[in-house]
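One structure is given below, encoded as structure tokens.
Just follow the structure's listing: the first ligand is 1, and inside any ligand the first atom is 1.
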Amino acid sequence: MPKLNQNYQNLKESYLFSEIAHRVADYALANPDKKIIRLGIGDVTMPLGSHIIQGLHLGVDAMASPDTFKGYGPEQGYDFLRNAISAYYAKNGISVDAGDIFVSDGAKSDTGNISELFDMDNVILIPDPVYPVYVDSNLMSGKKITYLSGDADNQFLPMPDKNIHADIIYLCSPNNPTGAVYNRQQLKEWVDYALTNQAVILFDSAYEAFITDPALPRSIYAIEGAKRCAIEFCSLSKTAGFTGTRCGYTVVPKELVFAASDGRNMSLHAMWNRRQSTKFNGTSYIIQKGAQAAFSPEGMRQCQDNIRYYQKNARMIADTLTRKNIPFFGGIHSPYIWFECPNNMESWDFFDYLLSNAQIVGTPGSGFGKNGTRYFRLTAFGTQENTAEAMERFNKLF
Ligand code: MLT
């Protein structure tokens, strides 16, 4: 009989967004005449820009001819895409070596898999509330988590406590689920703390493209010293609408070298390279051609048009909450709006209430951690028509 990984017993029965999908499917089955508006999972609704589609076609056509056909590609990604990502960083004034970039099928896999590089007995700081993948992937391997409390008092931007030592720190900015964004000074405090503690920051910047204020950092590498203490995860899901197409990237600087318990130096870059080349055969060539097109000037222009479209939705939701005097965070440099459940309701109760009375699907805050118990998240990634209709229904309800 196999001995099973009992750590799975410490997980909730299903992943947050699977649980929501089940509840919504049950409701839809019982109420076939009702139009449900989905503003729960952060899944995009706008089609890919025509320039990206052309890039994908180039990839497909290459597969049709013996001269251009591609079999296995480099596990780290093709140079054409790694160079395009490095140039994208440079456009934002940040220098990232193309050789430090690992192309992947998205930030979810990489933020989940990265914990394999770290031993069991690290002090791991994870904010609460937070994207559930960080917590679940650590629980799956039996690691212990120390939670960093985010709440209205600290604007959902927890800061380091100099009296506590940490080895691994997860940060997400702009934040999922709260939409809060660290400013340069705050991120510098985190980088200084990590350097002092010889800790590693795992920085998720999947929503950086939504930052409109040029003074706000779009990458941890905007902060001096970060290459000695931080790994960054990013994704084309929200930047370029690749939630279904799947492409992301992780930057593991070669500067990240730490002494192992036997005294020998180990490079996180070399370890991640070893991990990826063993367990991952690379992102498909076709998808990487689409991603390359996304990073071209025309591709980026089209991506920004889509982002502006979602930002209008975010404003629509924020305006509705403002009119109703419902306190909220996010919605400016982020596609997420995080608000207090009206009448102090518990978040799953509010989920059921909103679904049954207005047929709006959102995400209950408690799915992101204990501090989300009385909060709720709506996404701006719906269509404008559906978002407007959802807000009309919301208006009538409260
Ligand atoms: C979310 O809704 O939090 C995200 O879409 C989930 C993800 O990116 O995996």
Side-chain angles (χ1 to χ4, degrees), residues 11-12 14-24 37-46 104-115 126-138 140 150 156 170-181 202-210 232-250 283 287 291 303 306-307 310 313-314 317 329-331 333-339 347-348 351 354-355 360-369 371-372 375-383 386-387 390:
L11 300 170
K12 290 189 186 136
S14 56
Y15 181 61
L16 172 62
F17 294 105
S18 317
E19 169 69 25
I20 292 174
H22 283 142
R23 291 203 191 198
V24 175
I37 299 181
R38 290 174 168 79
L39 304 180
I41 191 165
D43 194 3
V44 295
T45 48
M46 294 291 281
S104 71
D105 66 349
K108 182 179 187 176
S109 329
D110 287 0
T111 52
N113 293 330
I114 198 79
S115 73
I126 303 189
D128 172 352
V130 86
Y131 182 40
V133 171
Y134 317 153
V135 170
D136 285 0
S137 56
N138 278 290
M140 282 172 180
F156 290 99
Y170 285 79
L171 296 177
C172 175
S173 178
N175 186 267
N176 180 10
T178 67
V181 192
L202 302 176
F203 190 78
D204 185 347
S205 64
Y207 299 92
E208 56 82 25
F210 282 78
E232 180 160 288
F233 306 89
C234 201
S235 158
L236 278 89
S237 285
K238 319 294 156 111
T239 306
F242 271 51
T243 52
T245 322
R246 309 303 311 148
C247 190
Y249 49 96
T250 291
T283 306
I287 299 303
C303 290
N306 284 359
I307 288 172
Y310 297 130
N313 289 345
I317 299 171
F329 295 83
H333 303 294
S334 155
Y336 296 131
I337 296 95
W338 174 252
F339 61 95
S347 66
W348 275 109
F351 172 90
L354 205 57
L355 180 59
I360 301 170
V361 180
T363 309
S366 63
F368 299 102
N371 284 5
Y375 281 87
F376 203 73
R377 193 192 80 177
L378 288 179
T379 158
F381 286 123
T383 64
N386 278 346
T387 308

Correct closest heavy-atom pair for Arg246 and Ile287 would be O-CG2, 3.2 Å
Hits for side-chain hydrogen bond (donor to acceptor under 3.5 Å, both in side chains) against Asp128, two or more places apart or cross-chain, chain-then-number order -> none
**Prompt:** So Trp338 and Tyr375, would you call those rings parallel, tilted or perpendicular, with 30° and 60° as cut-offs?
**Reply:** parallel
(request) Could you tell me whether the side chains of Ser347 and Ser366 share a donor-acceptor contact shorter than 3.5 Å? (result) yes
By ring-ring contact (aromatic ring centres under 6.0 Å, His included), Tyr170 pairs with (sequence neighbours left out) Tyr134
Ordered by chain then number, the protein residues lying under 4.0 Å from ligand 1 by heavy atom are Phe17, Ile41, Gly42, Tyr131, Asn176, Tyr207, Lys238, Tyr336, Arg377
Residues at least two apart in sequence or cross-chain that pass side-chain hydrogen bond (donor to acceptor under 3.5 Å, both in side chains) with Ser334, listed by chain then number, are none
